[in-house]
Amino acid sequence: MHLIKDENGNPVQHGHEHEHSHSTECQGHSHEHCGSCQDGNCQNETVALLTYMLQHNEHHAQELDQMAENLEKLGLSASAKTIREAVSDFQKGNMRLGLALTLVKEELK
């Protein structure tokens, strides 16, 4: 089983659906190997990690969209507009990651 740590330092196992929480301070991810990539066979690990990253990014897009809405309510329209533009870019990147995940799964069949 491949383990990574989320932005809060909590270990996250791959190979199944999971949820993770976010703090306002993201600390990045550490990537620990547990042997699943020995002998060059990283297929399951790659699919699991890409799935996690896509879900993680989609969650951040939702959080940013909520932030833009809150800024709009505070009368900070320019900031809200800029964040919404960033969310749009983020979503385009997520679409590409989703396509990459689909392609990886197809190519590994």
Side-chain angles (χ1 to χ4, degrees):
M1 179 65 60
H2 178 77
L3 296 175
I4 66 167
K5 291 183 181 177
D6 68 12
E7 65 274 9
N8 299 312
N10 301 314
V12 178
Q13 294 182 355
H14 286 280
H16 64 283
E17 294 290 324
H18 60 275
E19 293 182 17
H20 58 278
S21 61
H22 295 274
S23 67
T24 55
E25 294 181 23
C26 292
Q27 300 171 353
H29 301 276
S30 71
H31 191 160
E32 299 173 7
H33 286 274
C34 60
S36 64
C37 257
Q38 291 178 354
D39 301 323
N41 185 359
C42 298
Q43 295 176 354
N44 292 338
E45 180 176 335
T46 299
V47 170
L49 186 56
L50 190 52
T51 299
Y52 168 79
M53 298 292 283
L54 177 58
Q55 292 172 348
H56 180 87
N57 286 353
E58 288 171 343
H59 185 79
H60 277 302
Q62 292 170 354
E63 291 175 322
L64 288 167
D65 194 49
Q66 181 63 52
M67 184 183 296
E69 186 176 319
N70 293 342
L71 290 171
E72 190 73 46
K73 289 176 185 175
L74 293 171
L76 303 172
S77 298
S79 298
K81 179 180 183 271
T82 301
I83 289 174
R84 285 191 178 105
E85 291 168 350
V87 168
S88 176
D89 292 340
F90 216 84
Q91 290 170 334
K92 289 174 189 171
N94 288 343
M95 286 183 353
R96 287 197 168 105
L97 285 175
L99 176 58
L101 178 59
T102 299
L103 291 171
V104 166
K105 288 178 178 179
E106 282 296 313
E107 292 172 351
L108 291 177
K109 282 185 179 179

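Heads up: numbering here begins at 1 and tracks the sequence. Keep in mind that what you see is a predicted model, and the values were worked out from it rather than measured.
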**Study point:** The single option from Q55, H60, E58, M53 passing side chain to side chain contact (heavy atoms under 4.5 Å, CB included) against N94
**Key:** E58
Point to revise | Reported CG-to-CD distance for the pair N70 and Q66, which is rounded to 0.5 angstrom | key: 4.5 Å
**Study point:** salt bridge (Lys or Arg N to Asp or Glu O under 4.0 Å) contacts in which one or both residues fall within residues 70-86, not counting sequence neighbours
**Key:** E69-K73, E72-R84, K81-E85
**Study point:** Minimal non-hydrogen separation, A68 against A80, with atom names
**Key:** O-CB, 3.3 Å
Check your understanding: Side-chain donor-acceptor pair under 3.5 Å between E63 and H59, yes or no?
Key -> yes
Point to revise | With sequence neighbours excluded, residues passing salt bridge (charged side-chain N to carboxylate O under 4.0 Å, His left out) with K92 | key: none
Point to revise | Rounded distance (nearest 0.5 Å) linking atom CG of L76 with atom OG1 of T82 | key: 11.0 Å
Review point. Who are the side-chain contact (heavy atoms from CB on, under 4.5 Å) partners of L101, not counting sequence neighbours?
Key: V47, L50, T51, L54, K105
Point to revise | Partners passing salt bridge (charged side-chain N to carboxylate O under 4.0 Å, His left out) against E106 (at least two apart in sequence or in another chain) | key: K109
Exercise for review: Group every Ile, Leu, Val, Met, Phe, Trp and Tyr by side-chain heavy-atom contacts under 4.5 Å, then state whether F90 and I83 land in the same group.
Suggested key: no
**Study point:** Residues that D89 engages under side-chain hydrogen bond (donor to acceptor under 3.5 Å, both in side chains), provided they are two or more places apart
**Key:** none
Point to revise | Connected-component partners of L103 among ILVMFWY, side-chain separation under 4.5 Å | key: L99
Exercise for review: To the nearest 0.5 Å, tell me how far L97 CG sits from T102 OG1.
Suggested key: 11.0 Å
